[in-house]
Amino acid sequence: MIDRLEKEVDMLERHLQVLKMVIGNEPIGIVKMSNETGYPHHKVRYSLRVLEEENLIEPSSQGAITTEDTADFVDELDEKIDSIVEKLDSMKIEETAEIQS
């Protein structure tokens, strides 16, 4: 049950790392991103595709670049992550809870 969530979080982390690289180095290509992150080309390509589908990046002849939607997404990101963390914290089963057999 938790394994699927953990995999999704790992994938989100990769997507955001790729987005950060585009923001900081645009235009940037797959090979450079792969070399700098250590992710295989196919995983970087997949992250780029997801980011493009979300309209956060777009391709150019020199590599990926940000879009007009990127800044708004980044501005809202920390708040959304904090909200998710709060929700996950509220789901914890405290050590003091006794499990009845």
Side-chain angles (χ1 to χ4, degrees):
M1 183 166 59
I2 295 296
D3 294 343
R4 189 168 55 215
L5 176 61
E6 190 174 14
K7 288 178 185 176
E8 286 292 324
V9 170
D10 289 344
M11 192 176 347
L12 176 61
E13 180 182 30
R14 186 180 76 232
H15 296 337
L16 292 176
Q17 187 173 3
V18 168
L19 180 60
K20 285 180 193 176
M21 291 195 72
V22 174
I23 292 169
N25 303 288
E26 64 180 312
I28 185 168
I30 292 172
V31 173
K32 184 172 182 181
M33 280 190 264
S34 179
N35 290 341
E36 290 189 18
T37 62
Y39 294 127
H41 291 192
H42 71 279
K43 289 194 175 197
V44 172
R45 189 175 297 110
Y46 178 73
S47 290
L48 289 170
R49 186 176 333 120
V50 169
L51 295 169
E52 185 177 355
E53 288 172 1
E54 294 292 323
N55 200 36
L56 298 173
I57 64 161
E58 58 187 28
S60 76
S61 58
Q62 284 87 33
I65 58 173
T66 57
T67 68
E68 58 188 32
D69 294 346
T70 308
D72 289 340
F73 174 82
V74 171
D75 289 344
E76 297 171 1
L77 180 63
D78 287 349
E79 188 175 311
K80 287 181 179 180
I81 289 175
D82 288 343
S83 174
I84 293 167
V85 168
E86 283 180 31
K87 185 178 272 189
L88 289 171
D89 278 341
S90 74
M91 296 168 64
K92 290 180 181 177
I93 299 175
E94 299 298 322
E95 290 179 26
T96 57
E98 290 186 28
I99 300 174
Q100 298 179 3
S101 305

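The first residue in the sequence is number 1, and the count goes up from there.
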Close side-chain approach of Glu8 to Met11, heavy-atom, < 4.5 Å: yes
Would Met91 and Val9 show up in the same hydrophobic cluster when neighbours are defined by side-chain heavy atoms closer than 4.5 Å? yes
Pro40 versus Ser34, closest heavy-atom pair with distance: C-OG, 3.8 Å
Of the non-hydrogen atoms in Pro59 and Glu52, which two are nearest, and what is the gap between them? CD-OE2, 3.4 Å
Testing Arg45, Gln17, Arg14 for side-chain hydrogen bond (donor to acceptor under 3.5 Å, both in side chains) with Tyr39, which one passes? Gln17
Sub-3.5 Å donor-acceptor pair from the side chain of Thr37 to the main-chain atoms of Met33, do we have one? yes
About how many Å separate CG of Asp89 and CG of Asp82, when rounded to the nearest 0.5 Å? 10.5 Å
Approximate separation, where rounding is to 0.5 Å, of Leu19 CG and Thr70 OG1: 6.0 Å
Hey, could you give me the CD1/CG distance between Ile84 and Leu5, rounded to the nearest 0.5 Å? 9.5 Å
Would you give the length of the straight line joining atom CG of Leu56 to atom CG of Leu51, rounded to the nearest 0.5 angstrom? 6.0 Å
Spell out, yes or no, whether Phe73 and Val50 are grouped together once hydrophobic residues are joined by side-chain heavy atoms under 4.5 Å, including indirect joins. no
Heavy atoms from other residues, nucleotides or ligands near OH of Tyr46 exceed 12 (cutoff 6.0 Å): no
Could you walk me through whether Leu48 and Val22 satisfy the side chain to side chain contact (heavy atoms under 4.5 Å, CB included) test, starting with their C-alpha distance in whole Å, then the side-chain angles of each, then the deciding distance to 0.1 Å, before giving a yes or no? CA-CA 9 Å; Leu48 289 170; Val22 174; 4.3 Å; yes
Closest approach of Met21 to Glu36 (non-hydrogen atoms, all atoms of both residues): CE-OE1, 3.2 Å
Atom pair CG/CD of Leu16 and Glu13 - distance to nearest 0.5 Å: 8.5 Å
Got Ile57 and Ile65 here, is their nearest side-chain heavy-atom distance under 4.5 Å? no
Do you know which two heavy atoms are closest between His41 and Val31, and how far apart they sit? CE1-CG2, 3.9 Å
Under 3.5 Å side-chain donor-acceptor pair for Thr67 and Glu58: no
Side-chain heavy atoms under 4.5 angstrom apart, residues restricted to Ile, Leu, Val, Met, Phe, Trp, Tyr: same cluster for Val74 and Ile81? yes
Using a 3.5 Å distance criterion without hydrogens, assess whether the side chain of Ser47 forms a donor-acceptor pair with backbone atoms of Val18. no
